[in-house]
**Student:** 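Okay, handing you the structure first.
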Amino acid sequence: MEITKNNEILFLVFNNLSQTGIVKHCFSTRKGGVSPAPFASMNLGYNRGDDDTNVDENFRRICEAASLSKENIVMSKQKHGTNILKIDEIRAVPGNFASGSLEVPDNTDGLITNRSNIALVTFYADCVPLLFCDPVKRVIANSHAGWRGCVDNMAAKTVNKMTEDYGCAPKNILVGIGPCISCDKYEVDEDVASQFQIAFGECVFPAENKPGKFHVDLREVCKLSLIRAKIPLENIEISHWCTFDNEELFFSHRRDRALRGSLAAFIELV
């Protein structure tokens, strides 16, 4: 994953997705927006307490910088679940950035389409971004995986949705696992760790000198979920940026709690 700079706006892109030549995509950073502290400066979340006009301008800037279609944005309405919405099943409605140009029901953590010129958007501040592209069937997906989504196989469920709805073959699907909280910074109690132990025990580690506390490697959980869904390892690109550790670039819920903005992942078929 590489950092790109365009007009003072910094964002990250996956090499494997860029090389297909059929998608535009990015993962935002905090750099290049207009929002004041504690949302400074590229806040893309409308529900954080920032002024909507600031967020509108931030969306305009990131879309322009990454050459995304700002006229046709569809935003997730995340509830830390695994519901994935097929975008060509919904109708376009008038709206600005705040409502999105396509209506999405609540409890939507994943978006999938084979339609060109629609930018799929999901939101982050430590959770795992998952971007998908099948260059053979020309299908893309954008899924948000919180810890509940990770343990409930959001990565594999997105692959299954692509195969069931569009006939994609897992061997052709390219995946990018984006910046998220790292294993050493993601500490959980035993009740959460025990849920991962069932299917992802190799991704759970006891916290040193902290009885009853554990660390979970969410990136590795998503990678294993993808491999079990028959995605070849060489098709998976994993970012090693930690949102918690890199305060200059990323918002982090674990680090900043409620006083933060939101990052976003974008993907669009050309």
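Values below: all heavy atoms of this structure, side chains included; hydrogens, waters and symmetry mates excluded.
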**Student:** Any donor-acceptor pair under 3.5 Å linking the side chain of N54 with the backbone of S35?
**Tutor:** no
**Student:** With the threshold set at 4.0 Å, does a side-chain nitrogen-carboxylate oxygen contact exist between D106 and K79?
**Tutor:**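 No, no charged N to carboxylate O under 4.0 Å.
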**Student:** Assess the residue pair D88 and T113 against the criterion (side-chain hydrogen bond (donor to acceptor under 3.5 Å, both in side chains)); give the C-alpha distance rounded to whole Å, side-chain angles, the decisive distance to 0.1 Å, and a yes or no.
**Tutor:** CA-CA 6 Å; D88 56 5; T113 193; 5.4 Å; no
**Student:** Verify the distance criterion only: is there a donor paired with an acceptor across the side chains of T243 and R254 at less than 3.5 Å?
**Tutor:**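 Per modelled atom types, T243 and R254 side chains form no pair under 3.5 Å.
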**Student:** Test your reading of the model: is there a side-chain donor-acceptor pair from S225 to the backbone of V221, 3.5 Å cut-off?
**Tutor:**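 Side chain of S225 to backbone of V221: no pair is present.
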**Student:** Do C127 and H80 have side chains that approach each other closer than 4.5 Å (heavy atoms only, starting at C-beta)?
**Tutor:**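 Counting from C-beta outward, C127 and H80 do come under 4.5 Å.
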**Student:** Quick one, W241 with T29, criterion side chain to side chain contact (heavy atoms under 4.5 Å, CB included). Give me CA distance, side-chain angles, the key distance, then yes/no.
**Tutor:** CA-CA 11 Å; W241 288 97; T29 72; over 6 Å; no
**Student:** Taking the side chain from E237 and the backbone from N16, do they hold a donor-acceptor pair closer than 3.5 Å?
**Tutor:**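 Confirmed, E237 side chain pairs with N16 backbone.
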**Student:** For I236 and I227, run side chain to side chain contact (heavy atoms under 4.5 Å, CB included): C-alpha distance rounded to whole Å, both residues' side-chain angles, the deciding distance at 0.1 Å, then the answer.
**Tutor:** CA-CA 9 Å; I236 305 169; I227 290 171; 4.1 Å; yes
**Student:** Output yes when K157 and D152 qualify as a salt bridge under the 4.0 Å nitrogen-oxygen rule, no when they do not.
**Tutor:** yes
**Student:** Do F266 and I62 make a side-chain contact, defined as non-hydrogen atoms from C-beta onward lying under 4.5 Å apart?
**Tutor:** yes
**Student:** What's the separation between atom OG in S28 and atom CE in M42, rounded to the nearest 0.5 Å?
**Tutor:** 7.5 Å
**Student:** State yes or no: do Y124 and L120 share one hydrophobic cluster built from I, L, V, M, F, W and Y residues joined by side-chain heavy-atom distances below 4.5 Å, directly or via other members?
**Tutor:**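 Same hydrophobic cluster.
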**Student:** Nearest 0.5 Å, please: how far is CD in Q195 from CH2 in W147?
**Tutor:** 4.0 Å
**Student:** Under a 3.5 Å threshold, yes or no: a donor from one side chain and an acceptor from the other, between D56 and Y46?
**Tutor:**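 Yes - a donor-acceptor pair under 3.5 Å links their side chains.
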**Student:** Where is the tightest heavy-atom contact between L226 and V175, given as atom of each residue plus distance?
**Tutor:** CD1-CG1, 3.6 Å
**Student:** Do L10 and I267 share a hydrophobic cluster, counting only Ile, Leu, Val, Met, Phe, Trp and Tyr and linking them when any side-chain heavy atoms are less than 4.5 Å apart?
**Tutor:**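 Same cluster.
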**Student:** Do we see a donor-acceptor contact under 3.5 Å between the side chains of T108 and N83?
**Tutor:**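 Distance-only check fails for T108 and N83.
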**Student:** Looking at side-chain heavy atoms only, is the closest gap between C133 and I22 below 4.5 Å?
**Tutor:**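 Contact flag for C133/I22 side chains = yes.
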**Student:** Compare every heavy atom of G33 with every heavy atom of S41, then report the nearest pair and how far apart it is.
**Tutor:** OG-N, 3.0 Å
**Student:** Return the minimal non-hydrogen interatomic distance between K137 and G167, and the atom names on each side.
**Tutor:** CE-O, 3.3 Å
**Student:** Within the structure provided, determine whether Y186 and C180 are in side-chain contact (heavy-atom separation under 4.5 Å).
**Tutor:** no
**Student:** Apply the test ring pair (Phe, Tyr, Trp, His ring centres under 6.0 Å) to residues H144 and F123: give CA-CA distance (whole Å), side-chain angles for both, the deciding distance (0.1 Å), then the verdict.
**Tutor:** CA-CA 7 Å; H144 160 268; F123 300 94; 9.2 Å; no
**Student:** What about I238 and V23, same hydrophobic cluster or not, with Ile/Leu/Val/Met/Phe/Trp/Tyr joined at side-chain heavy-atom distances under 4.5 Å?
**Tutor:**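 Shared cluster, no.
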**Student:** Minimum heavy-atom separation for A125 to G261, with atom names?
**Tutor:** CB-O, 4.3 Å
**Student:** Could you state the interatomic distance from CG (D217) to SG (C203), rounded to the nearest 0.5 Å?
**Tutor:** 6.0 Å
**Student:** OG1/T20 to CZ/F14 distance, rounded to the nearest 0.5 angstrom?
**Tutor:**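 T20 atom OG1 to F14 atom CZ measures 13.0 Å (nearest 0.5 Å).
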**Student:** Keeping D134 on the side-chain end and V136 on the backbone end, is there a donor-acceptor pair under 3.5 Å?
**Tutor:** yes
**Student:** Any idea which heavy atoms bring R138 and S116 closest together, and the distance?
**Tutor:** NH2-OG, 3.3 Å
**Student:** With sequence neighbours excluded, what pairs up with T4 under the side chain to side chain contact (heavy atoms under 4.5 Å, CB included) test?
**Tutor:**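 Only F11, V13 meet the side chain to side chain contact (heavy atoms under 4.5 Å, CB included) criterion with T4.
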**Student:** Using side chain to side chain contact (heavy atoms under 4.5 Å, CB included), reason through N58 and V34 one step at a time and then give a plain yes or no.
**Tutor:** CA-CA 7 Å; N58 291 339; V34 299; 3.5 Å; yes
**Student:** Could you walk me through whether R61 and E64 pass salt bridge (Lys or Arg N to Asp or Glu O under 4.0 Å), step by step?
**Tutor:** CA-CA 5 Å; R61 291 187 177 199; E64 183 176 279; over 6 Å; no
**Student:** Within a strict 4.5 Å, meaning less than it, do heavy atoms of the N235 and F132 side chains meet?
**Tutor:** no
**Student:** Which pairs pass salt bridge (charged side-chain N to carboxylate O under 4.0 Å, His left out) with one or both residues in residues 191-203, sequence neighbours excluded?
**Tutor:**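 The answer is E202-R228.
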**Student:** Is the side chain of R255 donor-acceptor paired with the backbone N or O of F244 at a distance under 3.5 Å, no angle test?
**Tutor:** yes
**Student:** When you measure from the side chain of R30 to the backbone N and O of E247, does any donor-acceptor pair fall under 3.5 Å?
**Tutor:** yes
**Student:** Set out, in order, the CA-CA distance, both residues' side-chain angles and the distance that settles side chain to side chain contact (heavy atoms under 4.5 Å, CB included) for M1 and H240, then state yes or no.
**Tutor:** CA-CA 8 Å; M1 199 173 202; H240 295 289; over 6 Å; no
**Student:** Looking only at atom types and distance, does a side-chain atom of K213 sit under 3.5 Å from a main-chain N or O of E187, one as donor and one as acceptor?
**Tutor:** no
**Student:** Is a salt bridge present between E57 and R60, judged by a nitrogen-to-oxygen distance below 4.0 Å?
**Tutor:**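 Answer for the salt bridge query: yes.
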**Student:** Strictly distance-based, threshold 3.5 Å: is any side-chain N or O of N43 a donor or acceptor partner for the main-chain N or O of G45?
**Tutor:** yes
**Student:** Output the distance between atom CG (L131) and atom CZ (F27), rounded to the nearest 0.5 Å.
**Tutor:** 9.0 Å
**Student:** Tell me whether I173 shares a hydrophobic cluster with L233, the cluster being built from Ile, Leu, Val, Met, Phe, Trp, Tyr side chains joined at under 4.5 Å.
**Tutor:**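 I173 clusters together with L233.
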**Student:** Would you say I181 and F250 make side-chain contact, with heavy atoms under 4.5 Å?
**Tutor:**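 They are not in contact (no side-chain heavy atoms under 4.5 Å apart), so the answer is no.
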**Student:** Answer yes or no: are there more than 12 heavy-atom neighbours, outside E234 itself, under 6.0 Å from its atom CD?
**Tutor:**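 More than 12 within 6.0 Å, yes.
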**Student:** Measure from the side-chain N and O atoms of N142 to the backbone N and O of A265, and report whether any donor-acceptor pair falls under 3.5 Å.
**Tutor:** yes
**Student:** Which pair of non-hydrogen atoms, one from P170 and one from I231, has the smallest distance, and what is that distance?
**Tutor:** O-CD1, 3.3 Å
**Student:** Going by heavy atoms in the side chains, are I3 and L249 under 4.5 Å from each other?
**Tutor:**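 When only atoms from C-beta onward are counted, L249 and I3 do touch, with a gap below 4.5 Å.
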**Student:** Do V128 and V204 share a hydrophobic cluster (ILVMFWY, side-chain heavy atoms under 4.5 Å, transitive)?
**Tutor:**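 The answer is yes; both residues are in one hydrophobic cluster.
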**Student:** Give me the one residue out of I140, L85, V139, I87 that meets side chain to side chain contact (heavy atoms under 4.5 Å, CB included) with I112.
**Tutor:**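 Testing each of I140, L85, V139, I87 against I112, the sole residue satisfying side chain to side chain contact (heavy atoms under 4.5 Å, CB included) is V139.
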**Student:** Between D109 and Q78, is there a donor-acceptor pair closer than 3.5 Å when you use the side chain of the first and the backbone of the second?
**Tutor:** no
